[in-house]
Peer 1: 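Please read through the structure below; I'll follow up with questions.
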Amino acid sequence: MPATRPLHLAAEIGGPPRYDAADYVALARLAERGALDFVTLQDSFTRPGLDALAVLARVAPATERIGLVATVTTTHTEPFHVSSAVATLDWVSRGRAGWVVDVSTTPAQARLFGRRHAAPPEALWREAGEVAEVAARLWDSWEDDAEIRDTSTGRFVDRDKLHHVDFEGGMFTVRGPAIVPRPPQGHPVTVVDAAGEHSEETAARHADVVLIRATRPEEAAAIRERLRARAAAHGRRPDALRVLAALTVNLGDGERPAEPGLESAPRTTGGAGGPYYRGGPVDLAELIAGWHRGGAVDGFHVAPEEPARDLERVVNGTVALLQHRSRFRTFYPGGTLREHLGLTRPANRYAHAGGAS
Amino acid sequence: MTTGAPGPTAPAGRRTVHLAAHFPGVNSTTVWADPRAESQIAFSSFERLARTAERGLFDFFFLAEGLRLREHKGRIHDLDVVGRPESLTVLNALAAVTDRLGLAATVNATFNEPFELARRLATLDRLSEGRAAWNVVTSSDAFTGENFRRGGYLDRADRYTRAAEFVATARELWDSWTPATPASPYGVPRPFAHTGRHFEIEGEFTVPRSPQGHPVVIQAGDSEEGREFAAATADVVFSRHSTLEAGRAFYADTKARLARHGRRPADLKIMPGATYVLGDTDAEAQEHAAEIRRQQVSPQNALLALERVWGRDLSAYDPEGPLPDIDPDPAAVIAQGRVTDGDPLAVAARWRALSEAKGLSIRGTVIETTARQTFVGSPRTVAEALDTFVQREAADGFILIPHLTPGGLDDFVDRVVPLLQERGVFRTEYAGTTLRSHLGLPDPVRKG
Ligand SMILES: Cc1cc2nc3c(=O)[nH]c(=O)nc-3n(C[C@H](O)[C@H](O)[C@H](O)COP(=O)(O)O)c2cc1C
């Protein structure tokens, strides 16, 4: 891998539940000062906390450039509503939205809805893939130039540029078209945490960004190659995939030189676990630069153990150092999350069909 | 029971006027062809209109909902504004650029589940610090249902029993956290369990109460079931009776229903949707209003309105010509995703009589019969009329539907609001911070 491939950095701003907008706005602005590609906000129906996508919608007008990526579960929700909400986050943030596709596996989550029993992860991830698929189709169901405002014929839209999606999945059908016109990015960015076997398949098929767990660069490189190969097998361009290593970071005693490296994570409540880094911001910068230089990953997604403390050190320590060494950009050259990630705006799958029919 | 801040106080014996703003999105009121009309989708449009409403000290900003694009003769309706962003997401973003304005989302109770929607509404209520409202609608034709897991599946009576149980369940969830203490300033979640005809759910809710207790509930729907549902459950009714007599009848009927549910007349605010046109003089306003009607009812729109009543393809008719001789086909369903206007034969007979009496073309007839502007006149005339409606108990206030996006409220806020303030029937500053305090509604009593 050439060392010139841009480094991508993202951070989780969740952590212990907070119920006021100001905390989230402050963290997102901090991450934006570091020119990070995006922030994520975790969500689950079974622990105290606000709806993540709503929080990021609240954050959107208070930030300018940073990508806003909310966890959205697909098991007990309506695919049509999910696609509308993610598209709308893209509208209110002017092209900075993404979602982490997730599933609800537990009986406790199922009982909150009372519609169906908990199902095995394999089936839920297959369904999550279908939700990602129908969302993308709904985002395409309006061609970009469907709104015409043609006063001579009295038509507001060109109905030949609006498309039924007629999706039939294993668990649901959606007729379409969307209510929300095609969002600014065409498709908001789809992120999948590929920690498990079944999510990896969904990631290879549908994700723009994949989060992976690895404790050594060789391991990361192997997972990345596997994902790229699986994406290619689905007819996708492997270079349209960004693979980020997930790292829970604790920079709490970072002022003294600490033993750099990775420990196995203590299982914290609600956290996804995974590789855990404890040490100083400088050593973290070394680790990030090292893995990236070797081509093991396209970047990192850090989950600060204590957001207010650790994110500040990531931005003012780790990121500042990476910028100083010209390993990471110092400003946003573009406006949308896709532009930060170096991903193209997807072509509309219906645009040619529309011309023909 | 804690009570919200008192509503504005009017001069002795005068009732105060409540105002809200309806975003002029998907409806045939919106005049999209006007050169001043901007995007219906861009966040800047929502921000501009919401900031104007807040400058005008309005109670709330209102977003409607539709879950399937309307169709006509089996094809997507393409004449009026089509497409809109998802309401709760837009309102959360608006919470960032407003401080006091209430934020009301229309969300269907048929195609959602209580836990998820209660959580999304409670989140908006928290992030806006007590400014959220939910307009509970029930429309559930099979046509709309084709976009959802369950498909179209509820008949009219069941829609309202589900909606009522939905609201009751949401309130159980909103009440499930303990009150705040110094040790836990948000309270802590307590387990809930709800078992009813439509829902059987249990667990813990994830969002603490907001400063207004929980979101304000709005109801829009006019049937017997709808009115009962409002009387039993709602804080605000979004009605469509916009003449003084019809408004007074609806007002009296709805308020009389409250006692049966152990509620006081002041517990439910009745706010008809209202359009308006202003001019420097009444005559000028009338002229503007006529122009706007012609923009709203294009020749193509006139034919479509005719086809909706007749249930037939009438594209061969001249919109500037006479009404068709043939009768409507009462069995035909030509338009999908719309509320129908009642018995087509009766409507057609009315239209014919009007057309003959006034010598009106198809388009002229449609202009005369379909939704007209409610308040037309100089700012003084309009302010007087609004005040009269409220003093005479035809309404507690209005949900204003401007015809232009996003500048459609500017003239009202600049020219009518000051006159209402002069009359002493409209606030000169917000007394409280929550929507309940603007509406003069008590905070909800916590059950359990
Ligand atoms: C003023 C008014 C506004 C309404 N707005 C909406 C809306 O935005 N979305 C929707 O799905 N239904 C809307 N409705 C429909 C009602 O919620 C209800 O489903 C419909 O009126 C049928 O109920 P009813 O038989 O009780 O009138 C509206 C109704 C009224 C009267």
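Quick caveat: nothing in here was measured; it's all calculated off a predicted structure. Lettering follows sequence order; numbering is per chain, from 1.
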Peer 1: Measure the CG-OG1 distance between A/L50 and B/T206 for me, rounded to the nearest 0.5 Å.
Peer 2: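 Between A/L50 CG and B/T206 OG1, I get 7.0 Å after rounding to 0.5 Å.
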Peer 1: Are A/H81 and B/F148 an aromatic pair by the rule of ring centers under 6.0 Å?
Peer 2: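 Centroid separation for A/H81 and B/F148: below 6.0 Å.
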Peer 1: Does A/D43 pair with B/R119 as a salt bridge, N-O distance under 4.0 Å?
Peer 2: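 Yes.
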Peer 1: Below 4.5 Å, heavy-atom pairs only: which of A/A110, A/A85, A/A21, A/A178 has the largest tally toward chain B?
Peer 2: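 Most heavy-atom pairs under 4.5 Å with chain B: A/A85.
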Peer 1: Give, as side chain, backbone, both or neither, the part of B/Q295 having an atom under 4.5 angstrom from any heavy atom of chain A.
Peer 2: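 For B/Q295, no heavy atom lies under 4.5 Å from chain A.
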Peer 1: Find the distance between CD (B/E204) and OG1 (A/T46) and round it off to the nearest 0.5 Å.
Peer 2: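 Here the rounded value is 9.5 Å.
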Peer 1: To the nearest 0.5 angstrom, please state how far the CD atom of B/E202 sits from the CZ atom of A/F113.
Peer 2: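 Rounded to the nearest 0.5 Å, the CD-CZ separation comes out at 14.0 Å.
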Peer 1: Say whether, by atom type as modelled, one donor and one acceptor occur between the side chain of A/S84 and the main chain of B/E86 under 3.5 angstrom.
Peer 2: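 Not a single qualifying donor-acceptor pair exists.
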Peer 1: Can you confirm whether B/E320 is buried at CD, in the sense that more than 12 heavy atoms of other residues, nucleotides or ligands lie under 6.0 Å from that atom?
Peer 2: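 More than 12 heavy atoms, drawn from other residues, nucleotides or ligands, come within 6.0 Å of this atom.
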Peer 1: Check for me whether the distance between the ring centres of A/W91 and B/F46 falls short of 6.0 Å.
Peer 2: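 Centroid distance A/W91-B/F46: not below 6.0 Å, so no.
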Peer 1: I need the B/F115 CZ to A/R115 CZ distance, nearest 0.5 Å.
Peer 2: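 Going from the CZ atom of B/F115 to the CZ atom of A/R115 covers 14.0 Å.
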Peer 1: When you check the gap from the basic side-chain N to the acidic O, do B/R149 and A/E127 get nearer than 4.0 Å?
Peer 2: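 Salt bridge between B/R149 and A/E127, a charged N being under 4.0 Å from a carboxylate O: yes.
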Peer 1: So does A/D160 pair up with B/R75, basic N to acidic O under 4.0 Å?
Peer 2: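 Yes.
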Peer 1: What part of B/L79 is in contact with chain A, defined as an atom under 4.5 angstrom from a non-hydrogen atom: side chain, backbone, both or neither?
Peer 2: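 B/L79 touches chain A through backbone and side-chain heavy atoms alike.
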Peer 1: Can you tell which part of B/L67 gets under 4.5 Å to a heavy atom of chain A, answering side chain, backbone, both or neither?
Peer 2: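 The answer is both parts of B/L67.
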Peer 1: Checking heavy atoms, do the side chain of B/F205, its backbone, both or neither come under 4.5 Å from chain A?
Peer 2: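 Looking at B/F205, nothing touches chain A.
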Peer 1: With a 4.5 angstrom heavy-atom cut-off, is it the side chain or the backbone of B/E113 that approaches chain A, or both, or neither?
Peer 2: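 Just the side chain, heavy atoms under 4.5 Å.
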Peer 1: Give a yes or no answer on whether the side chain of B/T123 reaches the backbone of A/D51 with a donor-acceptor pair at less than 3.5 Å.
Peer 2: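 A pair under 3.5 Å: yes.
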Peer 1: Give a yes or no answer on whether the side chain of B/N147 reaches the backbone of A/G176 with a donor-acceptor pair at less than 3.5 Å.
Peer 2: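 At least one qualifying donor-acceptor pair exists.
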Peer 1: Checking heavy atoms, do the side chain of B/I76, its backbone, both or neither come under 4.5 Å from chain A?
Peer 2: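 Both backbone and side chain.
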Peer 1: Does any heavy atom of chain B fall under 4.5 Å from the side chain of A/D158, the backbone, both, or neither of them?
Peer 2: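 Neither; nothing under 4.5 Å.
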Peer 1: Under 4.5 Å from any heavy atom of chain B, what part of A/S93 do you find: side chain, backbone, both or neither?
Peer 2: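 No part of it gets close to chain B.
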Peer 1: Nearest 0.5 Å please: distance from the CZ atom of A/R155 over to the CG atom of B/D80.
Peer 2: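 It is 14.0 Å, given to the nearest 0.5 Å.
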